[in-house]
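In this text, all values refer to a predicted model and were calculated from it rather than measured experimentally. So that the names make sense, note that chain A is the first sequence line, chain B the second, and so on, each numbered from 1.
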2 protein chains.
Amino acid sequence: MKRTKQSMNREELESRILRSAEFVFAEKGYSGSSMEAIAATANISKQNLIYYFPNKELLYQRVLKEMLDIWIEKLSFLEAQGDTPEAVIRRYVREKMQLSRLYPNGSKVFAHEIISGAPVLKEYLISHLKPQFDRDVVLVKSWINKGLIEEIDPEHLFFTIWAATQTYADFSVQMEVLLGKSRLEEADFERAELAVTDFVVRALGAKKNN
Amino acid sequence: MKRTKQSMNREELESRILRSAEFVFAEKGYSGSSMEAIAATANISKQNLIYYFPNKELLYQRVLKEMLDIWIEKLSFLEAQGDTPEAVIRRYVREKMQLSRLYPNGSKVFAHEIISGAPVLKEYLISHLKPQFDRDVVLVKSWINKGLIEEIDPEHLFFTIWAATQTYADFSVQMEVLLGKSRLEEADFERAELAVTDFVVRALGAKKNN
DNA sequence: CAACAACTTGTCTTTCCGGTCAGCAATAAG
DNA sequence: CTTATTGCTGACCGGAAAGACAAGTTGTTG
């Protein structure tokens, strides 16, 4: 893999395009985003954009895939089997929250996609997300069986955690309005993380002993 | 107000159009929905649709407004001041959950709109939602001051409740995949309602005494 | 520096879609 | 029965946007 001036530019430009596409898709949805607009955001011509990503569908898929790969990588319950449930949960919620903070646009694109019925992602969800989900549910059930946490519905526990964390990316505008701010700041995310974590931990009634 | 055959047909057709529009907007977003597609869903011609709703923007606003009016009507914390916090919270979560069950499409349209930065709804949120939100926050704070519930962040409590309930409308496809079902059934919503309510109530540590 | 590959842009075609308009059909009112 | 109002349709227009194509430019390598 040569690292010529060109190939470096290429990589840099590609990722600039992807960031721009993410931004535009997040705001306008798939159909509402024109290649023209994405190109303009990335400061290149439409034709040049098409040179790098020959069509819109492909660009969209790349944006989604990038986001999902990050999520799948960061969000595995299982890695931390030695820890206490409380520690695992806290870390999980914190990770998920940071993803909302760091990749709000990717999260929004994902949300648009799922709400629309996941026409592009459905297969991927079945093949990649479900297996991990099933494993994680089993783990939580084992916690319950060992009496480490309250009897709680494991599936819906995950749904709630995902919703409660993801909302800080997807519905940020609503929160800004309600909190009377022009944008969510670092401090808001910290309060949110604390609130959600405590919320979940308290709901689980996690015991400190292993 | 005469109730001629025509005017009755008109009303019936209008609401059929609104339901169809809701359905299409939910799936495709604003830009992705064509008047043609909405008309086809309602089994009328495009020109006839335009006869009833002279342009797309207006139709979209009507759909959103219908949904919001229902929400605002059903979701006031304050009405029930006599009850215990636990009772108020339980009722609130149940109401919100039923709205997700009964109006999944409206909910999805709303979600698309907020994720996209609320270009249409922002003013409405400021003028209608924020005042109610502020009042509800005050109420929760008073509960805390009276020692009726644990010290919890009131704003983020609402964000979490909204997210956790709304997700059963917006992200239903993801859940279907993960639960291995072709669609969410009555029983799923009942389990969900129970799970979410218990979460929240337990997290609040609401005391039974008034 | 010559030849080749990588990159960039301007022009053009095609398709789709929101909306207009003129007229036809059905119903209500006098 | 006649006229006016309301409901509905087919033909059409203008603009936007995806993508093809060809031509030109810049960088790379022997």
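When heavy atoms are screened at a 4.0 angstrom cut-off, A/Ser31 is found touching no nucleic acid atom at all.
Atom-to-atom distance recorded for A/Phe199:CZ and A/Leu204:CG is 11.0 Å, nearest 0.5 angstrom. The structure places OH of A/Tyr30 at 4.5 Å from CD of A/Glu57, a figure rounded to the nearest 0.5 Å.
Taking the six-membered ring for Trp and thresholds of 30 and 60 degrees, B/Tyr168 and A/Phe159 have ring planes more than 60 degrees apart, a perpendicular arrangement. Ring geometry, B/Tyr124 versus B/His128: the interplanar angle falls under 30°, so the pair is classed parallel (tilted spans 30 to 60°).
Applying the side-chain contact (heavy atoms from CB on, under 4.5 Å) criterion to B/Glu151, with sequence neighbours excluded, gives B/Ile144. Partners of B/Lys130 according to the salt bridge (charged side-chain N to carboxylate O under 4.0 Å, His left out) rule, which considers only residues two or more places apart in sequence or in another chain, are B/Asp134. Every side-chain contact (heavy atoms from CB on, under 4.5 Å) that A/Asp188 has, sequence neighbours left out, goes to A/Leu179, A/Lys181, A/Leu184, A/Glu185.
For the side chain to side chain contact (heavy atoms under 4.5 Å, CB included) test with A/Asp170, the passing option among A/Ser107, A/Ser100, A/Pro104 is A/Ser107; the others fail. Checked against A/Thr197 for a side chain to side chain contact (heavy atoms under 4.5 Å, CB included), the options A/Arg91, A/Arg94, A/Arg90 give a single hit: A/Arg90.
Here the C1' atom of nucleotide D/dT25 and the CG atom of A/Asn48 are 12 Å apart, to the nearest Å. The distance between atom CG of B/Asn43 and atom P of D/dG7, rounded to the nearest whole Å, is 19 Å. Rounded to whole Å, atom P of D/dA17 lies 14 Å from atom CG of A/Leu49. The distance between atom CG of A/Leu13 and atom C1' of D/dT26, rounded to the nearest whole Å, is 15 Å. Per the geometry, CD belonging to B/Glu36 stands 11 Å off P belonging to D/dG10, to the nearest Å. Atom CD1 in A/Ile44 sits roughly 15 Å away from atom C1' in C/dA6 (whole-Å rounding).
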Short heteroatom pairs, N/O only, protein and nucleotides 11-15 of chain C, under 3.5 Å:
| unit_1 | atom_1 | unit_2 | atom_2 | d |
| --- | --- | --- | --- | --- |
| C/dT11 | O4 | A/Gln47 | NE2 | 3.4 |

Exercise. Report the C-alpha distance between A/Glu27 and A/Lys108 in whole Å, list the side-chain angles of each, state the deciding distance to 0.1 Å, and finish with yes or no for salt bridge (charged side-chain N to carboxylate O under 4.0 Å, His left out).
Key: CA-CA 8 Å; A/Glu27 189 130 314; A/Lys108 285 176 183 173; over 6 Å; no
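The phosphate of D/dT6 has neither OP1 nor OP2 within less than 4.0 Å of any side-chain N or O from B/Arg10. In terms of phosphate contacts, A/Ser45 brings a side-chain nitrogen or oxygen within less than 4.0 Å of OP1 or OP2 of C/dT9.
Looking at residues 50-65 of chain B, you'll see B/Tyr51, B/Tyr52 sit with a heavy atom under 4.0 Å from some atom of DNA chain D. For DNA chain D, no neighbouring residue in residues 16-28 of chain A is found when judged by any heavy atom under 4.0 Å.
Inspection of the B/Tyr103 and B/Glu22 side chains reveals no N or O donor paired with an N or O acceptor under 3.5 Å.
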